[in-house]
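Down below is the structure, laid out as structure tokens.
Lettering of chains follows the sequences in order, A, B, ..., and the numbering in each one begins at 1.
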Protein chains: 2
Amino acid sequence: MTELGERAETLLKALIELYIIEGQPVGSRTLARHADLNLSPATVRNVMSDLEELGLIQAPHTSAGRIPTQLGYRFFVDSLLTIKPLNVEAVESIQSRLSTESDPKMILAGASEMLSKVTHFAGLILIPGQENARFRQIEFLSLSDVRVLTILITDDGRVQNRVIPTDREYSEAELTQAANYFNEVYNGSSLAQVRRALLGEMKTDSDKMHNIMKTAVTMAGKFFDEEEREKDDVVLSGEENLLNIPDLCQIDTLQKLFDAFKTKQDLLDLLDRSMRVNGISIFIGEESGYRALDDVSVVAAPYETDGSVVGTVGVIGPTRMDYEEVIPVVDVTARLLSGALSGRELSDGSRKPR
Amino acid sequence: MTELGERAETLLKALIELYIIEGQPVGSRTLARHADLNLSPATVRNVMSDLEELGLIQAPHTSAGRIPTQLGYRFFVDSLLTIKPLNVEAVESIQSRLSTESDPKMILAGASEMLSKVTHFAGLILIPGQENARFRQIEFLSLSDVRVLTILITDDGRVQNRVIPTDREYSEAELTQAANYFNEVYNGSSLAQVRRALLGEMKTDSDKMHNIMKTAVTMAGKFFDEEEREKDDVVLSGEENLLNIPDLCQIDTLQKLFDAFKTKQDLLDLLDRSMRVNGISIFIGEESGYRALDDVSVVAAPYETDGSVVGTVGVIGPTRMDYEEVIPVVDVTARLLSGALSGRELSDGSRKPR
DNA sequence: CTTGGCACTCTATTACATTGAGTGCTATCC
DNA sequence: GGATAGCACTCAATGTAATAGAGTGCCAAG
């Protein structure tokens, strides 16, 4: 990118900050008065003209002020941000919320909720996939003739259950034995390992297997059948906050957005991408590549348990959001969450956005 | 209420049906042409004037047609409805959706989803409370030093789990014994019975109790602690459909509504009320008494398992909804749901992925 | 390079006239 | 006496024109 020059950068920064606050196109006079450069509106106009040529700002119509383009926001978050000092109260309320919960699922949901509460946008979180969790216990319970309730418990305290239709009736004893067998063999393995092992078992000629083994493999095989990240791995909160954002007042924009909130697939993809990136991800408007998210921005930060990244928390709000405030909030929430999950304290280095 | 006279009723009915279709105030000329009474607009005007005096219709302003009032809708659904024949396709798709699911929770969610899909409004369901379910099994698993994962399984195939913070560390053996004790004592009792028994136990002087018993009671006591109908007992679907209803285009109306969708408390109360009533409940606009629902109507029908009412399914949509179509859809869905939950037919064993 | 001046553009607002749908009232008809 | 045609009236919606104001682009002077 062409070098901008310090003055132009200062003005661009001031313009974006003003626009974020007011939501109105910023004119040369306002900008001149607000930036501390002691320039006349005419000079400012010249600079603005340059900035427009570079595609960083644009005018809605001839005789209006300028508003940032997507590119302008991008340049802003990449190079111009001055991260605001954190609101201590907000941090404390997040911290206290995360530390009072004991159920891990609740902690995760709490992080998303607190983000929505603090930013007044929507909070979202990609919860840790099961693959890395360790197998702890499985249980098969006969419900009626041909349905078996399967319960899987992992050592992170999550419980997953599913009703599995079977081709024949199984006795209680059979199921108990099968579960015992399974629990013994796979105790302590990661779910990924269990799945791999199961796939192997199922290819083996089943005649050679012990009956109990066969039952166990059949049941669990159906349970582990399809497993990938799914819908439930993304938890949203505070979606209703987005309804009174003036920038998102168009019904069809909201409709698209809420449709995406229902499916969650796009969100899942996006958060998954951001998990693989080091540090905070920011997707501005159409950058994310999903139609439904064209008119919003997403700020997301990965969080860890025991030193490895397992998921992402973030905020989804209007493109005209206060990045200087939202980014540190998301950042610190991710850290607090990591702390709450690992049971450790918050370290206090600061992280740079990508 | 004053007797209306057949002609007035016919006209009111025609007016409401027209208004439901068009969404525009209905004038005397239109109404005269549409109703098969062969009356002149002037005559119709006289009748409309009467109807207005009775509070059944109103004019948005002097020179506009008339629209039904809340009272008008009420009279309409009480006395004037001609239920439309059911859309066979819709019924079949509902039926097939309900019968392919095997997990009871999925069946319930499916009913709500199908209602939203068929009516293009939001579907909602009050799922059966736990109180009547029978206790099947409880399990205590130690997570870390002072947290115990408690899993409760009822014989309707539902699994509930909660992480319980404890005051001291419990060994695996202790917890297993406690669970065994509990399972033996309460096997087959209803959850209501279990709760009552627990309350009694906790009042007993704990010194006299066996250690194992004490552990069991402590754990389970915390689990059963707060239990009433909660948030999760109401399942919503298709909320996003309400975003493109022209009648609900006001942002603050939607905001109120989605706030209520988040809390769910009002919905829960409403559905609970409708459960205690025989037959279909219809709440038109402000009738429900909840501010958030002032601008919408709710149509709900109770459903049963094994002959007794356990919950309610319904639809929430604009007050100007096609009651003649929605009512039978809700009705038949409730019936199909009752059927799917009780008279469990043999499913064809095909398992729907994901 | 900066700045003041100036003509120009475009939106938003206001005022005013016009149109058309629909009403209420009354006199008339069967 | 109920139904109807006729008519004056009301009111939202639409269109037109004028005006004010914010802001721009450009040029010439500092």
Residues A:S297 and A:Y73: side-chain donor-acceptor under 3.5 angstrom: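 No pair is found: no donor N or O on one side chain lies under 3.5 Å from an acceptor on the other.
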
A:T319 side-chain N/O to A:I284 backbone N/O, donor-acceptor pair under 3.5 Å: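 Side chain of A:T319 to backbone of A:I284: no pair is present.
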
Of B:P60 and B:R7, the one whose closest DNA chain D nucleotide lies more 5':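 In this pair, the answer is B:R7.
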
Sole residue of B:V329, B:V330, B:V299 in side chain to side chain contact (heavy atoms under 4.5 Å, CB included) with B:T119: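 So, applying the side chain to side chain contact (heavy atoms under 4.5 Å, CB included) to B:T119 and each of B:V329, B:V330, B:V299, only B:V329 qualifies.
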
Contact letters for nucleotides 16-30 of chain D, in which S counts primed atoms plus P, OP1 and OP2 and B counts the base, heavy atoms under 4.0 Å: ------BSBBB----

Can you give the donor-acceptor pairs under 3.5 Å from side chains of residues 11-33 of chain A to other protein atoms, not counting sequence neighbours?
residue: A:K13; atom: NZ; partner: A:T82; partner atom: OG1; Å: 3.2
residue: A:S28; atom: OG; partner: A:R45; partner atom: NH1; Å: 3.2

Residues which pass salt bridge (charged side-chain N to carboxylate O under 4.0 Å, His left out) with B:R74, listed by chain and number, not counting sequence neighbours: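 Salt bridge (charged side-chain N to carboxylate O under 4.0 Å, His left out) check on B:R74 returns B:D78, B:E287.
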
Salt bridge present between A:R291 and A:D266 (N-O < 4.0 angstrom):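 No, no charged N to carboxylate O under 4.0 Å.
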
Please tabulate, one pair per line, all N/O donor-acceptor pairs under 3.5 Å involving side-chain atoms of residues 47-54 of chain A, not counting sequence neighbours.
residue: A:E52; atom: OE1; partner: A:R66; partner atom: NE; Å: 3.0
residue: A:E52; atom: OE1; partner: A:R66; partner atom: NH2; Å: 2.7
residue: A:E52; atom: OE2; partner: A:A59; partner atom: N; Å: 3.3

What side-chain donor-acceptor pairs closer than 3.5 Å can you find for residues 238-245 of chain B, not counting sequence neighbours?
residue: B:E240; atom: OE2; partner: A:K262; partner atom: NZ; Å: 3.0
residue: B:N241; atom: ND2; partner: B:S116; partner atom: O; Å: 3.3
residue: B:N241; atom: ND2; partner: B:F121; partner atom: O; Å: 3.0
residue: B:N244; atom: ND2; partner: A:Q255; partner atom: OE1; Å: 3.3

Outermost DNA chain C nucleotides near chain B [under 4.0 Å, heavy atoms]: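 Contacts span C:dA21 to C:dG24, reading 5' to 3'.
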
